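Below, chain A is the first sequence line, B the second, and so on; all start at residue 1. Just the heavy atoms: all of them, side chains too, but no hydrogens, waters or symmetry mates, feed the values below. What you see is a predicted model, and the numbers here were worked out from it, not measured in a lab.
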Number of protein chains: 2
Amino acid sequence: MDSQFLKKVGLKVTLPRIKILEILESAGTARHMSAEDVYKALLEHGDDVGLATVYRVLTQFEQAGILTRHHFEGGQSVFEMDEGKHHDHILCTKCGRVDEFVDPTIEERQKAIADKFGYTMTDHSLYIYGVCKECRKKEKA
Amino acid sequence: MDSQFLKKVGLKVTLPRIKILEILESAGTARHMSAEDVYKALLEHGDDVGLATVYRVLTQFEQAGILTRHHFEGGQSVFEMDEGKHHDHILCTKCGRVDEFVDPTIEERQKAIADKFGYTMTDHSLYIYGVCKECRKKEKA
DNA sequence: ACGACAATGCAAAAGATTATCATTTGTTTG
DNA sequence: CAAACAAATGATAATCTTTTGCATTGTCGT
């Protein structure tokens with residue numbers, strides 16, 4: 001994912017956009033970041049980017065298909081790099097841990113349901129909430 | 001759903017709470033209301049209830065299990081009376097129409113996924129987004 | 001390098017929700 | 001049934017997230 005990519009989607013190659021891409025790409029396990037998260041990460045790296053720009057760029061990246069925006073419980077949107085493969089999420093309500101999964105059966109059923117109700121499905125979101133193994137251990141203690 | 005119900009869940013029987021219950025019960029097709037929606041409906045009925053109270057009461061009702069809160073796309077929370085039977089939603093992104101469904105296969109798969117990842121499932125939310133039949137017709141025209 | 005136009009930063013604004021606090025209203029008790 | 005207490009309300013301010021306006025700066029094609 002280099003700067004050529006930005007041009008391809010009609011965005012100028014600017015420093016803020018490059019920095020934000022770097023943050024998102026290097027996020028590793030913490031792939032699910034809010035705008036605020038990205039902003040803080042930028043500051044920690046010594047990159048001085050305005051919060052408004054972070055919001056603007058994340059929205060543009062979403063529209064360009066580079067990112068996916070999720071609405072987890074708790075108000076703010078979180079973003080993650082879109083690596084081509086769609087997936088859903090299961091979240092721990094205690095520690096915030098997020099795991100990803102794909103279930104072909106569920107995908108199928110969803111399409112069937114949309115058909116049955118006469119909808120053309122454009123999108124869907126499935127979040128499973130629960131308590132992960134680690135947090136259950138802690139609770140007992 | 002009478003006032004005795006409120007007492008049972010530890011809430012005093014007050015005018016605002018009764019009025020809000022009435023609005024929710026009589027909502028009919030428009031069962032999915034935001035706090036603002038409820039507030040406006042109250043004003044239209046000539047009931048003078050503060051917006052803060054609406055938010056407070058809706059939250060209390062949610063905790064009491066009378067209501068379910070949903071996080072549809074678009075920022076604000078929407079509430080609906082909980083009639084015992086769990087269901088998921090399919091929404092039209094053009095006109096805002098909402099339909100409800102239950103799919104036992106999906107429910108099952110979700111539990112299986114939670115197990116597989118070591119989670120104790122507490123909740124889940126599934127929203128299918130699409131364009132309904134009516135809106136497709138309008139678009140062609 | 002120049003000029004057009006997009007992108008940025010800052011601060012103000014907007015939208016949804018929550019907190020504060022003085023006042024009012026249910027509920028409980030004598 | 002009225003006093004007494006606690007809970008609930010309403011108005012407003014505060015908070016939090018996100019968006020917008022606008023002057024300034026940076027990109028990119030020529």
Handout entry: Under 4.0 Å protein heavy-atom contacts per nucleotide of nucleotides 2-7 of chain C, with B for base, S for backbone only and - for none
Key = ---BSS
Exercise for the section: Going 5' to 3' through nucleotides 13-18 of chain C, assign each nucleotide B (protein heavy atom under 4.0 Å from a base atom), S (under 4.0 Å only from sugar-phosphate atoms) or - (no protein heavy atom that close). Expected result: ---SBB
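End-to-end axis angle of the helix from dA1(C)-dT30(D) to dG30(C)-dC1(D), from C1' rotation axes over five pairs per end: 40° (rounded to 10 degrees).
Between Lys7(B) atom NZ and dA7(D) atom P the separation is 16 Å, expressed in whole Å. If you take CG of Leu43(A) and C1' of dG9(C), they are 13 Å apart, rounded to a whole angstrom. Here the P atom of nucleotide dT9(D) and the CD1 atom of Ile18(B) are 10 Å apart, to the nearest Å. Atom CZ in Arg56(B) sits roughly 12 Å away from atom C1' in dT12(D) (whole-Å rounding). The nearest whole Å value for the distance from the NE2 atom in His70(A) to the P atom in dT18(D) is 14 Å. Following rounding to the nearest Å, Asp48(B) (CG) and dA11(D) (C1') show an atom-to-atom distance of 12 Å. Atom CG in Leu15(A) sits roughly 10 Å away from atom P in dT8(C) (whole-Å rounding).
Classification of the His32(A)-Phe72(A) ring pair by plane angle, with boundaries at 30° and 60°, yields tilted. The aromatic rings of His89(A) and Tyr127(A) are tilted relative to each other, their planes meeting at an angle between 30° and 60°.
Side-chain contact check for His86(A) and Glu107(A): at least one donor-acceptor pair (N or O, by modelled atom type) lies under 3.5 Å. Glu73(A) and His71(B) share no donor-acceptor pair across their side chains, judged by distance under 3.5 Å alone.
To the nearest 0.5 Å, the span separating CG on Leu21(A) from CZ on Phe5(A) amounts to 8.5 Å. In this structure, CE on Met121(B) lies 5.5 Å from NZ on Lys111(B), to the nearest 0.5 angstrom.
Side-chain atoms of Arg69(A) never come within 3.5 Å of backbone atoms of Thr59(A) as a donor-acceptor pair (strictly under, hydrogens ignored). Side-chain atoms of Asp37(A) come within 3.5 Å of backbone atoms of Ser34(A) as a donor-acceptor pair (strictly under, hydrogens ignored).
Of all the heavy atoms in Val54(A) and Ile20(A), the pair that sits closest is CA-CD1, 4.0 Å.
With respect to Tyr55(A), the side-chain contact (heavy atoms from CB on, under 4.5 Å) criterion is satisfied by exactly one of Leu58(A), Leu51(A), Thr53(A): Leu51(A).
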Exercise for the section: Take Tyr119(A) and Asp99(B) through the test side-chain contact (heavy atoms from CB on, under 4.5 Å) and record every step on the way to the result. Expected result: CA-CA 10 Å; Tyr119(A) 284 68; Asp99(B) 283 292; 2.8 Å; yes
